[in-house]
Amino acid sequence: MAMEKTLVLVKPDAYQAGHTGDIIKIYENAGLKILAMRLMKMTKEVAAKHYVEHIGRPYYGELESFMTSAPIVAMVLAGEDAIAKVRELNGKTDPKEAAEGTIRKLYAASKGENAVHASDAPESAAREIAIFFNGTEIFE
């Protein structure tokens, strides 16, 4: 098992509904450590960097509009196999298909407003952490 870092975003729907603390608690209870965290409003420029692979797809405008609509909480989490662990805790993208007790089952409104984002691989985690935390001290 490898120690990893991953990026998690608490999306506007979960932030506005007041679920940020509950979501953080789930990650911490699973043994993950917060190395960095910030409350921010995603700009269109940051959205374009973060979701670069989605630009040009029919849903991109709606995704960009949603992610820039209200504050988000960006976090760097660390732990053994953090990427897989976080994705398991989050559950499937569609909350109707997510397992009981997962973050999306508990807090997501829909497939589009699904409470959280998490990196899917070490390469994307490094890229995404750089987008949201470039120049910010990340504690070890």
*Can any side-chain N or O of E4 pair as donor or acceptor with the backbone N or O of I83 at less than 3.5 Å?*
yes
_Within the supplied structure, the quantity of interest is the number of heavy atoms (other residues, nucleotides, ligands) at a distance under 6.0 Å from E88 CD; does it exceed 12?_
no
*Give the minimum heavy-atom separation between A74 and F133, together with the two atoms involved.*
O-CZ, 3.3 Å
*Indicate yes or no: does E53 engage R127 in a salt bridge with an N to O separation below 4.0 Å.*
yes
_Can you give me the closest heavy-atom contact between S124 and S119, atom names plus distance?_
OG-CB, 4.0 Å
*Report, as yes or no, whether the 6.0 Å neighbourhood of atom NZ on K33 holds more than 12 heavy atoms from other residues, nucleotides or ligands.*
no
*Dump the intermediate steps for side chain to side chain contact (heavy atoms under 4.5 Å, CB included) on E64 and K44, then the final yes or no.*
CA-CA 7 Å; E64 179 189 71; K44 289 182 177 195; 3.8 Å; yes
*Which of these, I129, V76, T6, sits in a side chain to side chain contact (heavy atoms under 4.5 Å, CB included) with L35?*
V76
*Looking only at heavy atoms, what is the nearest atom pair of A78 and A82, with distance?*
C-CB, 4.1 Å
*Is there a donor-acceptor pair closer than 3.5 Å between any side-chain N or O of R87 and the backbone N or O of A118?*
yes
*What pair of heavy atoms forms the shortest contact from A99 to T102, and how long is it?*
O-OG1, 2.7 Å
*asked:* Tell me if a side-chain donor or acceptor on S69 pairs with a main-chain N or O of F66 at a distance below 3.5 Å.
replied: yes
*Give the cluster check for Y51 versus M40: same hydrophobic cluster or not, with ILVMFWY residues linked at side-chain heavy-atom distances below 4.5 Å.*
yes
*asked:* Measuring from atom OG1 of T93 to atom NZ of K111, what distance do you get when rounded to the nearest 0.5 angstrom?
replied: 7.0 Å
*Test log, rule side chain to side chain contact (heavy atoms under 4.5 Å, CB included), inputs K41 and T68*: CA-CA 6 Å; K41 187 113 186 292; T68 60; 5.6 Å; no
*Output the rest of the hydrophobic cluster of V10: all Ile, Leu, Val, Met, Phe, Trp and Tyr residues reachable through side-chain heavy-atom contacts under 4.5 Å, sorted by chain and number.*
V8, Y15, I23, I24, I26, Y27, L32, I34, M37, L39, V73, M75, L77, V86, L89, I103, L106, Y107, V116
*Give the cluster check for I138 versus M3: same hydrophobic cluster or not, with ILVMFWY residues linked at side-chain heavy-atom distances below 4.5 Å.*
no
*Distance-only, no hydrogens or angles: does the K49 side chain make a donor-acceptor pair with backbone N or O of I131 under 3.5 Å?*
no
_Between L63 and R57, does the side chain to side chain contact (heavy atoms under 4.5 Å, CB included) criterion hold? Intermediate values first, please._
CA-CA 10 Å; L63 174 63; R57 295 192 177 156; over 6 Å; no
*E128 and L9, any side-chain heavy atoms less than 4.5 Å apart*: no
*L7 and H117: CA distance, side-chain angles, deciding distance, side chain to side chain contact (heavy atoms under 4.5 Å, CB included) verdict*: CA-CA 8 Å; L7 179 88; H117 163 84; 4.3 Å; yes
*Taking every non-hydrogen atom, the tightest pair across A36 and E137*: CB-O, 4.2 Å
*Which atom pair, heavy atoms only, marks the closest approach of A115 to A14?*
O-CB, 3.6 Å
